[in-house]
Amino acid sequence: MIEITFPDGNKKKYDKHVTPEAIAQGISPSLKKRCVAAKVNDNLVDLNRPIEEDASLRLITKKDPEALDVLRHSTAHLMAEAIKQMYPDANFGVGPAIDEGFYYDVDFHDVTLSEDDLPAIEERMQSIVDQGGKITRSVISREETLELFKDDPYKLELIRDLPEDEAISIYRQDTFTDLCRGPHVPDVSWLKHFKLLSLAGAYWRGNSDNKQLTRIYGTAFFSEKDLNNHLHLLEERKKRDHRKLGKELDLFMLSEYGPGFPFWLPNGMIIRKEIEDYWYDVHEEEGYEFIQTPIMLNKDLWEVSGHWENYRENMYTSEIDDKAFAIKPMNCPGGMLAYNRKLHSYRDFPHRVGELGLVHRHEASGALNGLFRVRAFTQDDAHIFMTKDMIVDEVAKLIDLYDRVYKVFDLDYHIELSTRPDDKFIGEVSVWDASEKALEDAIVSMGKDYKVNPGDGAFYGPKLDFKLRDSMNRIWQCGTIQLDMNLPERFDLTYIDHDGSKQRPVMLHRALFGSIERFIGILIEHYAGAFPTWLAPVQVEVIPVNLDLHSDYAKEIIGLLKEQDVRAESDFREEKLGYKIREAQTKKIPYQIVIGDNELEAGTVTYRKYGEKKQITVPAATFVSMIKEEIDTKQ
RNA sequence: GCUCCCAUAGUUUAACGGUAGAACGCAGCAAUGGUAAUGCUGAAAUUCAAGUUCGAUUCUUGGUGGGAGCACCA
């Protein structure tokens, strides 16, 4: 007999070799039906895997997050089986479950697959499912495995990399056998709701020196409904694509004359200026000073900063008067020069210096993507100089600031702490430990949760990253707070301490939006182009019912709004009311006002808010103060 | 940078290797209106370079740009 401990702490005796499936069945047949896999001593295993000794057991049902991974991994195998049947020469790389689905990397050799081939593979997958079949696991010897996969070069490579003493498991279903750690669903009949989505090249083992395989992406769910919801989400993301909306709303453009160098158009400029003004306001309140450093500086400076050595391939260079210059890829070196222009006292710390700095980086052509990845962008940078014992308070203050600003944009976030890399780092381990502790203390003091990424810090210091979640469930890294132990040394930064001695300040880099360009790209998709009133390029569209009778009153209303700096417009073309209303809607203007005889006589306006159906008539002055309030509070 | 895919008026798009067609937008004319498209008329396009062909938007090669990924991303 062995003893099984359940998640609620209950213990129960079972015969040796009992399977999780049998245990589930014993509890209730309906539970067994919902079970996908099990966690035995925290290892995810198949339901029919016998348990040999005392263990803790957690049954994984369809509701558990791990269950989707199992399902999707099994669907990847199903896809591989279908592909093997259709393309017998295909060789397989790896085929894991990922966040929203799965993929499998396949070497089709001389065959080039296109997206048009995916439906046929899907059909084959479906017919395999229709035939039904168990998925079974077996453990075989290394020699047997090597023999079994002798025609699969990628699998052989994976097998050779497995530790000598590790048991090698394979999974079989019907005609298909794959090297796999598992676990899998017990039966292919579980795999009903899947969809193949796209394909693209992917380097074998993620190394650009290796051959490129064809990666096929797909997704799978337990129910038709979940699958459809996910497909709708993907469609909605496509609809909100900032490149599409940016064109429709005339916010920005890209030209083939400047790949990766965005142009800001009048509408986009309004949004950008609002955000920058807000940034200056809020930082001024927080005690920041502002600078702007040159875009181009002598190569000697980049040698001091280390960029010439470490970042050269991403820098644009030029010559001035026979001297080598580089366009800045980061703002910090210029900021260091500004700091060093004079002596600093501990009394002036923390010394906070902000810069909306335009940087240029030569990104690989294939990396460019709308406003998300560009070659020229504005960092909302700041450098803060202080003493060691100020770190906790200052970082806490920053977290509070970030928290407030992200709320304004209705963006959730979580914090990740990246710590000292294992090998490549500068400075003393004890200093690193203290710095990491300071960052942690700051987070804790603000009552925030965080996740640790061990070894993910930059070589020059630990950092906090702020990962935003948008309305389409995507994660974006925007904010960052990084301690820097490198540049203060390289630029020999100092301050005068109490006792008159020269000391080295602590410095941190921080950005709230990261890149203004990218942040606006995120906002476009987050809001689906329907910006909150304070950001909207046009805030009010005034529509007269009859041009002859109501134009003057329309102009009067616009005058009232403009007096309060509300961006109001009217279209005095000879078009029908319905036409103008439709246009205001397609432009996603927050407020449309219709005025006719009724409004003219009563001195009122009839407004409708974007996204709502109801029409409300109020005195003109009431409307003005209402919208003014909404704009001022950035609702 | 790599693999695959794509490139037609300002925008979205149609055209077996044989006259480039539409919708929106723009301009002109008429219609004067109450919550998502009034009608008529007009101007407006084959990404660039080479090749195959009697003839190329269509086929081939290359350039440029874009997309999906990969790699990259202090």
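Only this structure's heavy atoms are used, side chains among them; waters, hydrogens and symmetry mates stay out. Remember, predicted model here, so these are calculated numbers, not experimental data. Proteins get letters first, then strands, A, B, ... in listed order; numbering begins at 1 in each.
- Taking atom P in both B:A68 and B:G55, the straight-line distance is 39 Å, to the nearest Å.
- A ring-centre distance under 6.0 Å is found for A:Y316 and A:H362.
- The C1' atoms of B:A27 and B:A44 are separated by 11 Å, rounded to the nearest whole Å.
- Looking at which nucleotide of RNA chain B each of A:V545 and A:R582 is closest to, the 5′-most match is held by A:V545.
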Where do N or O atoms of nucleotides 26-31 of chain B meet protein N or O atoms at under 3.5 Å, pair by pair?
| unit_1 | atom_1 | unit_2 | atom_2 | d |
| --- | --- | --- | --- | --- |
| B:C26 | OP1 | A:R573 | NH1 | 2.7 |
| B:C26 | OP2 | A:R573 | NH1 | 3.4 |

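- Heavy-atom contacts from other residues, nucleotides or ligands closer than 6.0 Å to CG of A:D99 number 12 or fewer.
- Note: CE (A:M253) to C1' (B:G65) measures 13 Å, nearest angstrom.
- Comparing the same atom, P, in B:U8 and in B:U13 gives a spacing of 9 Å after rounding to whole Å.
- Atoms CZ (A:F263) and P (B:G65) sit 14 Å apart, rounded to a whole Å.
- For the side-chain hydrogen bond (donor to acceptor under 3.5 Å, both in side chains) test, no residue two or more places apart in sequence or in another chain qualifies with A:H232.
- For the residue pair A:E436 / A:T419, no side-chain donor-acceptor distance below 3.5 Å is found, with atom types taken as modelled.
- Using a 4.0 Å cut-off between charged nitrogen and carboxylate oxygen, A:K609 and A:E630 count as a salt-bridge pair.
- In this structure, A:Y413 has its ring center no closer than 6.0 Å to that of A:Y402.
- For A:Q592 against B:U35, a side-chain-to-base donor-acceptor contact under 3.5 Å is present.
- Taking each heavy atom of A:L468 and A:C478 in turn, the nearest pair found is CD1-SG, 3.7 Å.
- The P atoms of B:G10 and B:C5 are separated by 28 Å, rounded to the nearest whole Å.
- Taking the six-membered ring wherever Trp is involved, the centroid distance between the rings of A:H242 and A:F372 falls below 6.0 Å.
- Separating the CD1 atom of A:I595 from the C1' atom of B:U32 is a distance of 15 Å, rounded to the nearest angstrom.
- Under the salt bridge (charged side-chain N to carboxylate O under 4.0 Å, His left out) criterion, no residue pair touches residues 253-268 of chain A, with sequence neighbours excluded.
- Using a 30° and 60° split on the angle between ring planes, A:Y460 and A:H509 fall in the tilted class, from 30° to 60°.
- Using P as the reference atom, B:A9 and B:C48 are 10 Å apart when rounded to the nearest Å.
- Salt bridge status for A:E236 with A:K239: present, with a side-chain N to carboxylate O gap under 4.0 Å.
- Base engagement by A:L547 is indicated by at least one non-hydrogen atom pair under 4.0 Å involving a base atom.
- A:D250 places its CG atom 15 Å from the C1' atom of B:C24, with the value rounded to the nearest Å.
- Straight-line distance between the P atoms of B:A45 and B:U57: roughly 15 Å, to the nearest whole Å.
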Hey, what are the protein-to-nucleotides 42-47 of chain B N/O distances that come in under 3.5 Å?
none

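- Of the residues near RNA chain B, A:T112 and A:Q615, the one whose nearest nucleotide (by heavy atom distance) lies more toward the 5' end is A:T112.
- At the heavy-atom level, A:L577 lies under 4.0 Å from the strands shown only through sugar-phosphate atoms.
- In summary, the side chains of A:H307 and A:N314 do not present any donor paired with an acceptor at a separation below 3.5 Å, with no hydrogens or angles considered.
- Atom C1' of nucleotide B:A36 and atom CG of A:D571 are separated by 15 Å, given to the nearest angstrom.
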Problem - Bracket notation of RNA chain B in which parentheses pair within the strand, [ ] cross earlier pairs, and | pairs with another strand (Watson-Crick or G-U, under 3.5 Å) - result: (((((((..((((....[..)))).(((((.......)))))....(((((..]....))))))))))))....
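- Between A:S114 and B:C5, a side-chain N or O to OP1/OP2 separation shorter than 4.0 Å is absent.
- When rounded to the nearest whole Å, the span between NE2 of A:H550 and C1' of B:G34 equals 9 Å.
- Judged purely by atom type and a 3.5 angstrom limit, A:E363 has no side-chain atom pairing as donor or acceptor with the backbone of A:R373.
- A:K247 comes within contact range of the sugar-phosphate backbone alone, with a heavy-atom separation under 4.0 Å but no base atom that close.
- One finds no salt bridge joining A:R510 and A:E394 here, because no Lys/Arg side-chain nitrogen approaches an Asp/Glu carboxylate oxygen to under 4.0 Å.
- Nucleotides B:C24 and B:A36 are separated by 14 Å at their C1' atoms, to the nearest Å.
- For the pair A:K244 and B:U12, the criterion of a side-chain N or O lying under 4.0 Å from OP1 or OP2 is not met.
- Heavy-atom contacts from other residues, nucleotides or ligands closer than 6.0 Å to CD of A:E309 number 12 or fewer.
- The CG-C1' distance, from A:L371 to B:G66, rounds to 15 Å in whole Å.
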Problem - Under 4.0 Å protein heavy-atom contact, by nucleotide of nucleotides 67-74 of chain B - B base, S sugar-phosphate only - result: SBBBBBBB
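- The aromatic rings of A:F385 and A:H383 sit tilted relative to each other, their planes meeting at an angle between 30° and 60°.
- Taking atom P on both nucleotides, B:A43 is separated from B:A50 by 30 Å, rounded to a whole Å.
- A:E599 comes within 4.0 angstrom of a base, heavy atoms only.
- A:T606 comes within contact range of at least one nucleobase, with a heavy-atom separation under 4.0 Å.
- Side-chain N/O atoms of A:E313 and base N/O atoms of B:G1 include no donor-acceptor pair closer than 3.5 Å.
- One atom, CD1 of A:I216, and another, P of B:C5, lie 14 Å apart when rounded to the nearest Å.
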